[in-house]
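Scroll down for the structure; my scribbles are underneath it.
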Amino acid sequence: MLRHMLMARGIDEEAGLLQNQGALDLWLSCRGQEAAQVGSAMAIGEVAVIFPSYREHAVAVVRGIDAVSLVAQWAGRTYCGWNPRTHRFFPYTLVLAAQALHGVGYAIGRRLQNTAETVVVYVGDGATSEGDMSEALNLAAVESAQVLFVCQNNGWAISKPSREQMLTSIADRAKGFGVRSWSMSADDPDSTYLTCLEARQYVESSQSPGLIELRTTRIGGHTTTDPHTSYREPDELATAVANDPVERYRLELVSEGVVDDEWLGSIDADIAAVRQHLLKAFAS
Ligand SMILES: Cc1ncc(C[n+]2csc(CCOP(=O)(O)OP(=O)(O)O)c2C)c(N)n1
Ligand SMILES: [Mg+2]
């Protein structure tokens, strides 16, 4: 999991730099959300089909999507960049929560074809304010759709804080639709993995929907063009940086003797090669 988190961080940083140079039109960083994404993606495994939002770069890394394919869409070179069927990872969706209905429809369709499979839908906290999300939760509940909704609550919908978007948590709201839910702080990939595994197993064994709210942190701006320091309190941002899940997990595994300098050095070399590859592919 640390390898995936470090790789996602490296790709994310390089893509941000490429956007600053004008090589990409836009980039949405997943900085701070790597533990939520890698922990959940590892628990989902290779079999379930994923309907992502637009910030799930670390999930894409776990799914084996190469960096150039991941970034190509943001240079306007392709509609998607990867083969959704090969990777079982559908195209990024920028229309908030639309993928929630796509995922539920897909799950119902597969069941009608007697080829039921588990579907995972990623949404952000802001996207849950969309009517599509309520429709998707309700339809999934009444149709017993085998869908796990993974909501990354990173505290923000662009400049709108979560506390101004909803008075109850999305996990509590899911219960109102008859959807079993979990809510957890997702700064640590190990505990995220374990709870997401429980949620996935529930969805599979009950053949009904579930929702897990992963409380996480957006360290950067909403996009590379978002002046987020103009609306964020310096303290909040400083705390987010100090709690960086990638650095915390790296230090934890080093102190436990799970990884050493040699292992970290070889990962650094892999990341440097991928960054070089991105530079060659996109820098003008
Ligand atoms: C239907 C729709 N309405 C509005 C927008 C504009 N918009 C893009 S991202 C965003 C905020 C989304 O926040 P959240 O779901 O929490 O995801 P995050 O960006 O934090 O990952 C908004 C309002 C959109 N893309 N689609
Ligand atoms: Mg958000």
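Counting convention: from 1, in listed order, for ligands and their atoms alike. Every value quoted in this text rests on a predicted model; they were computed, and no experiment measured them.
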Check: Counting only heavy atoms, which portion of Leu94 has something under 4.0 Å from ligand 1: side chain, backbone, both, or neither?
Finding: backbone

Item checked: Which segment of Arg218 sits under 4.0 Å of ligand 1 when only heavy atoms are counted -> neither

Check: Protein N/O/S atoms under 2.8 Å of the Mg ion (ligand 2)?
Finding: Asp125 OD1, Asn154 OD1, Trp156 O

Note to self: Against Phe51, only a single residue in Phe90, Tyr122, Phe149 fulfils ring pair (Phe, Tyr, Trp, His ring centres under 6.0 Å); can you say which?
What the structure shows: Phe90

For [atom], closest protein heavy-atom neighbour:
atom                    : result
atom 3 (N) of ligand 1  : Glu130 OE2, 3.5 Å
atom 26 (N) of ligand 1 : Leu96 N, 3.2 Å
atom 17 (O) of ligand 1 : Tyr54 OH, 3.1 Å

Margin query: Assess whether a salt bridge exists between Asp172 and Lys175, defined as any Lys/Arg side-chain N lying under 4.0 Å from an Asp/Glu carboxylate O.
Written below: yes

Next item on the list: Going by the side-chain hydrogen bond (donor to acceptor under 3.5 Å, both in side chains) test, name the single residue among Glu117, Arg111, Gln99 that passes it with Tyr106.
Entry: Glu117

Next item on the list: Check ligand 1 against Asn154 and write out every atom of the ligand that is under 4.0 Å from a heavy-atom position of the residue.
Entry: 18 (P), 20 (O), 21 (O)

Notebook entry, point to check: Heavy atoms, side chains only, cut-off 4.5 Å: are Thr128 and Cys151 in contact?
Noted result: yes

Note to self: Ignoring hydrogens and geometry beyond distance, is a side-chain donor-acceptor pair present between Glu56 and Tyr92 at under 3.5 Å?
What the structure shows: no

